[in-house]
Novice: 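Take a look at this one; I'll ask things after.
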Amino acid sequence: MALWGGRFSEGPQDSVFALSRSVHFDWRLAPYDIRSSKAHLAVLKKNKLIEEKDAQLIFAALNELADEVSSGAFVPVDSDEDVHSALERGLTQKLGAVGGSLRAGRSRNDQVTTDLRLFSIDHMLQIAAQLVELQDSILSKATEYVDAPSPGFTHIQHAQPVSFGHELAKHAHAFARDLDRINDWLSRTSVSSLGAGALAGSSLSLDPEFTAKDLGFKKTFQNSIDAVSDRDYVSEALFIFAMIGNHLSRIGEEWTLWASTEFSWAQVSDAYSTGSSIMPQKKNPDVAELARGKSGRLVGNLVTVLTVLKALPFAYNRDLQEDKEPLFDSFDTLLLTLPAVTGMIATTDFDRAKMSAAAPMGFSLATEIADYLAKKNIPFAQAHESAGKCVALCESTFRELHELTAEELQSIHPSLDVGVLAVLSVSGALKTRTTSGGTAPSLVLTQIKTAQGENDVTRKEISRKIKSFSEMMNQ
Ligand code: ARG
């Protein structure tokens, strides 16, 4: 059903209708559209812009429609243009002309962005809840491996030994920043646009503050032109998702490498692996690979929306309809990916013996020699040079650093006495890395506990917000 037509002599061409139709993707805004219609109805009623008995009829019909939408008894038909027109058709079918009353003082322009904000907040909270679970699985896994040494890398070359718990826990800090960004986004997105009308506000006595409060928004718009044009919250959400995708892709890359025959560090559980249709022996880390691959579309969706918005004139332009599909796709992608990655991490076992044997390889203890000399006040450039000589000697004689004899060490630098042998062990090296945030296992354990505590606080905060959002939706 078209919401316009009075001034037209003919309806749109089929190709025009097909191009402009959005109900096949914006139908998922229906529950939010109904809820915001109730808020608008309440203002019309409060300010006597609608008769009491009509308001009651519309309220009951909206409730009925909400049930029918959720059960699938009411669905869009071919002639519906978008979610708003489909729902108005539903109301009109129930109530006749009274069903069109809600359009007073409201345009699809302020309506669609109100719906989209509500949808986004609802789904962002679900993503936040899943991130909390992901954090939980990373931090629990990290706790298991606090005492397990492994090589730490730069340039994918052995650099310095680290606690493998430290290696795993680093990911939790990246997702903690994402959760922080979400929190920030939630407060900036919690702005109602209802009352902005098409662009200029309304001559009817509406009450934007009232509708904002009714819908659980913290604030109401300050400039009606901005209110209907602003899609910063869509762009910012897509940036957050691209960032989360980026973080997931780095986990994906590590897991894929670690599960390879060359590394053989990670044993990914069968339930989180897949096979090959031709090679019977294969067990592939597809969850990790998909996590890595999905990050591409998350970045793509951000770029799509930013490109649509670039140089877009104010106020509403139909280009803005292009905000929804990328946004929905990113929400869906993450809601699909996050639980699988969480499960993959929770069920992966790592080979401690292999990682520990690899830890000192590639002369990863060379910095210990340089630091040993630096502690004896040898200028670091000289200390670095001597440690380098130790590496060169080992390389030419096919040995590891801890296999150098006392005489050889002395001949490289007189201050390289036997004391250095004590630090030329992985456990010795790990214990000394006590700068805060460093890899000494005792510190790592404290870091993980702190991160778990913070995650618990976030979990409570998110579930409180989910509860209050669903209470608002059920009103
Ligand atoms: N389907 C439209 C969208 O998603 C709704 C707003 C239409 N407004 C208009 N003036 N044509 O943006």
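Below, each value reflects all heavy atoms present in this structure, side chains not excepted, and no hydrogens, waters or symmetry copies. In each ligand, atom 1 is the first atom listed, and ligand 1 is the first ligand listed.
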Novice: Within a distance under 4.0 Å of any heavy atom of Ser22, pick out the atoms of ligand 1 and give their elements.
Specialist: 1 (N)

Novice: Using ring pair (Phe, Tyr, Trp, His ring centres under 6.0 Å) as the criterion, point out the one residue from Phe25, Trp27, Phe119 that pairs with Phe328.
Specialist: Phe119

Novice: Do you know the tightest heavy-atom contact between Leu118 and Phe469?
Specialist: O-CZ, 3.4 Å

Novice: Looking at Asp82, which atoms of ligand 1 are within less than 4.0 Å of one of its heavy atoms?
Specialist: 1 (N), 2 (C), 5 (C)

Novice: Does the Lys NZ or Arg CZ of Arg117 fall within the cation-pi geometry relative to Phe217 - under 6.0 Å from the ring centre and within 45° of the axis?
Specialist: no

Novice: Please state which protein non-hydrogen atom is closest to atom 6 (C) of ligand 1 and give its distance, to 0.1 Å?
Specialist: Tyr316 OH, 3.5 Å

Novice: When you measure from the heavy atoms of Glu81 to every atom of ligand 1, does any distance fall below 4.0 Å?
Specialist: no

Novice: Applying a heavy-atom cut-off of 4.0 Å, say which part of Asp323 lies close to ligand 1: side chain, backbone, both or neither.
Specialist: neither

Novice: Please determine which of Lys38, Arg35, Lys45, Lys46 meets the salt bridge (Lys or Arg N to Asp or Glu O under 4.0 Å) test together with Asp214.
Specialist: Arg35

Novice: Give me the nearest non-hydrogen protein atom to atom 1 (N) of ligand 1 as residue plus atom name, then the distance to 0.1 Å.
Specialist: Gln321 OE1, 2.8 Å

Novice: Is there a polar contact, in the sense of an N or O pair closer than 3.5 Å, between Lys324 and ligand 1?
Specialist: yes

Novice: How close does the nearest protein non-hydrogen atom get to atom 8 (N) of ligand 1, and which residue and atom is it?
Specialist: Asn109 OD1, 3.0 Å

Novice: So with a 6.0 Å cut-off around CZ of Arg433, is the heavy-atom count from everything else above 12?
Specialist: yes

Novice: Does Asp78 CG have over 12 foreign heavy atoms under 6.0 Å away?
Specialist: no

